[in-house]
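Report on the following structure.
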Protein chains: 2
Amino acid sequence: MLSLLLIRNKTKKIKKEVGSLQRVYNFSAGPAVLPAEVVRTVQEELPSYRRSGMSIMEISHRSSLFTDLQETAETDLRKLMQIPDNYDVLFLQGGGTLQFAMTAMNLAVKTKRVGFIDSGHWAQRAMEETALVKGTKAVVIASSKNQKYTQLPKIEPITGQFDYLHLTVNNTIEGTMYHQIPAELKKFPLVGDLSSIILGYNYQVTDFDLIYAGAQKNIGPAGLTVVILKHELLQNAPELPAMLSYPKQVQKHSALNTPPVFAIYVAGLVFKWLLAQGGVAAMQEKNEQKAQLLYAEIENSKLFKSPVAVEDRSLTNIPFVTGSAQLNQLFVAEAQAVGLLNLKGHRSVGGMRASLYNAMPLAGVKRLVEFMQEFERQHGGRN
Amino acid sequence: MLSLLLIRNKTKKIKKEVGSLQRVYNFSAGPAVLPAEVVRTVQEELPSYRRSGMSIMEISHRSSLFTDLQETAETDLRKLMQIPDNYDVLFLQGGGTLQFAMTAMNLAVKTKRVGFIDSGHWAQRAMEETALVKGTKAVVIASSKNQKYTQLPKIEPITGQFDYLHLTVNNTIEGTMYHQIPAELKKFPLVGDLSSIILGYNYQVTDFDLIYAGAQKNIGPAGLTVVILKHELLQNAPELPAMLSYPKQVQKHSALNTPPVFAIYVAGLVFKWLLAQGGVAAMQEKNEQKAQLLYAEIENSKLFKSPVAVEDRSLTNIPFVTGSAQLNQLFVAEAQAVGLLNLKGHRSVGGMRASLYNAMPLAGVKRLVEFMQEFERQHGGRN
């Protein structure tokens, strides 16, 4: 009887250890992997934030516990992105999709025309939402729709009047990105959707008049949207309901009602982690190294292909395909079984997609490449 | 040397123990106390949600891990509030303040007139935001402004045409609540702000056409807003940007973009906790017991007074004052020192306010009452 109990307990213990030790790599496009150290800190601090006796979920947004936290998060983000003093930083809700409309409500006030670089699914969604803001006209300036968005649109000299231009800087689904912001776009006020590349590549904030990014890729948990905008933009904004008004949000430091405290807290931890890693320049270097490893494997493979033009390839979202829908499916399933998660591509592109955000360690990409090689040996292409 | 080290370690250990054992009671109006069991579960599950190897912050909102979670949360909320099938349930962002505008955008479409019961600060904010929605007129139907909102407005027969009426069911700042929804209001489509009373008192969903509530009081962490609305309301809603459109949010089950996964997860845990406690009827009973304890102490005291008319007193937000601003300040400071936190009243009412939401245990209210008695013995009033 005793020995049976011992064995049972031992099995339980082993199961528990395997459970907690099991190493998975999460290649999801978002919500995405967070730095392991950040998850650990959140867990440790959860019951009592800064010895307050309250969880971070329970502290008042008017307490110094929170206002200090938010100030530090903003200061760190300013350091990381070298945000000049004439730009405001907002911590909002509603994701990129609300920004598609909010930018138009606040900024499309003179010509009421907004110019779009149609580089993919999210650029299209931005256009649709902008067009739903009454009186606003969304105009396509350049498009790579005819190339199925496998490359970036070619930007010709822009004629016409626009309140601003909108650029999806990294196309999460199609796997393209602007390594340089085209000079022609900078002739107009420029709004950049940086959701899936913010803090992963060293863009100049001053190339943009407004930047927005949903947090759930490179910043923190879902439910937070970071907006960085030139202060002078606020001058012409019309009066709007408070939650939709940049000037009102700026005036109340993103706390005109209860902000998403927990998400801002985790974002703050990620900013500290990024500073400790050496900042955005260091992250870019690591991201280039990771992407290079995967792109090299794709190039060397006889089974896997990238659908994306070489010069426009994204560092953070990397789609790849085999010639066969069945093999793609098998790949995703077998990868999942060995702890390489969420590699299924978006339905509009098909195949696979690996998102290599800041928090994806090099070891994860190495493991993926190894697995691709094993898979190719088993299922064709390479001998 | 050795003994010094021992002492130092012992002191450290004691400090640590005191730190972790210290019992605080958090009377904040929101973000507010959560059930201790819920905080514990979040902490335990944080590194690996359902053995996925991923934190709840890292799981995809398109995965069954999340869609199952959200479905369960909705099912449990429907059970708790007996929400009929002809009502939709939404998990949104932006708080009550966005709902002030969104309700008008979606529902004020025929007469474009919205009638308001002006019962306090948040009713006023709702009116202001509604009036900022172009073309909408916010009309005061009844007001207790002249009574400084220390009682609820008297509702006379309502004449005139309105697309809907708006009622702040519990006034978080002033400490009043509708124990019954006035019959006169039910003659019109009725929108209820239940932010600080939802799940704490057994209101009938069918008394309302639309209910909204910020999560950060009785539901979960900040960054989530629950909306419950009659499906037929959607018929006349105009086309709006997606994040501001009830019909589009309903069609996509609150996931037309990435929803606030973590906040919905915690809300789901709170719903399970409430079911285990016996549901809303049981919570109401406990809340009545807690409130009764505190109101009795106020009535019996020579030092403390309630500014609120007896028949309109809230169960969840209880303001009280001494005659002296200095004593009020001392009370809040001394209470804080013994772990009774966030008792400072809102600046517009002054004095103290104790918020006794579902997660505040009876023991916390007993401790508060004891402390009030001690304070009164020391500082006047009672001998």
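The sequence lines fix the lettering, A, B, ..., with proteins before strands; numbering per chain opens at 1. All heavy atoms count here, side chains included; hydrogens, waters and symmetry mates do not. If you're wondering where the values come from, they're calculated on a predicted model, not measured in any experiment.
- In this structure, a donor-acceptor pair under 3.5 Å is present between the side chains of Glu45(A) and Tyr265(A).
- For residues 123-132 of chain A, heavy-atom neighbours of chain B at less than 4.5 Å comprise Arg125(A), Glu129(A), Leu132(A), sorted by residue number.
- Contact record, Ser52(A) with Ser48(A): N-OG, 3.4 Å, taken as the closest heavy-atom pair.
- Side-chain contact, Ser254(B) with Gln249(B): no donor N or O sits under 3.5 Å from an acceptor N or O.
- At a heavy-atom separation below 4.5 angstrom, chain B is approached by Ser60(A), His61(A) within residues 60-70 of chain A.
- For chain B, the nearby part of Ile59(A) is the backbone; its heavy atoms alone come within less than 4.5 Å.
- In this structure, chain A has no heavy atom under 4.5 Å from any part of Ala263(B).
- Interface residue Leu98(B): backbone and side-chain heavy atoms are both found under 4.5 Å from chain A.
- Of the listed residues (Pro221(B), Ser55(B), Ala242(B), Ala359(B)), the one with the most heavy-atom contacts under 4.5 Å to chain A is Ala242(B).
- Applying the side chain to side chain donor-acceptor pair (under 3.5 Å) test between Ser196(B) and each of Asn218(B), Thr168(B), Thr172(B), Thr316(B) identifies Thr172(B) as the sole match.
- Side-chain contact between Gln99(B) and Thr225(B): present, with at least one pair of heavy atoms (C-beta onward) separated by less than 4.5 Å.
- No other option in Ser245(B), Pro47(B), Ala101(B), Ala215(B) has as many heavy-atom pairs under 4.5 Å with chain A as Pro47(B).
- Top candidate by heavy-atom pairs under 4.5 Å with chain A, chosen from Glu239(B), Gln43(B), Arg40(B), is Gln43(B).
- Neither the backbone nor the side chain of Ile264(A) comes within less than 4.5 Å of any heavy atom in chain B.
- Looking at Val266(A), only its side chain comes within 4.5 Å of chain B, counting heavy atoms on both sides.
- Contacts of Lys248(B) with chain A are made by side-chain atoms alone, with heavy-atom separations under 4.5 Å and no backbone atom involved.
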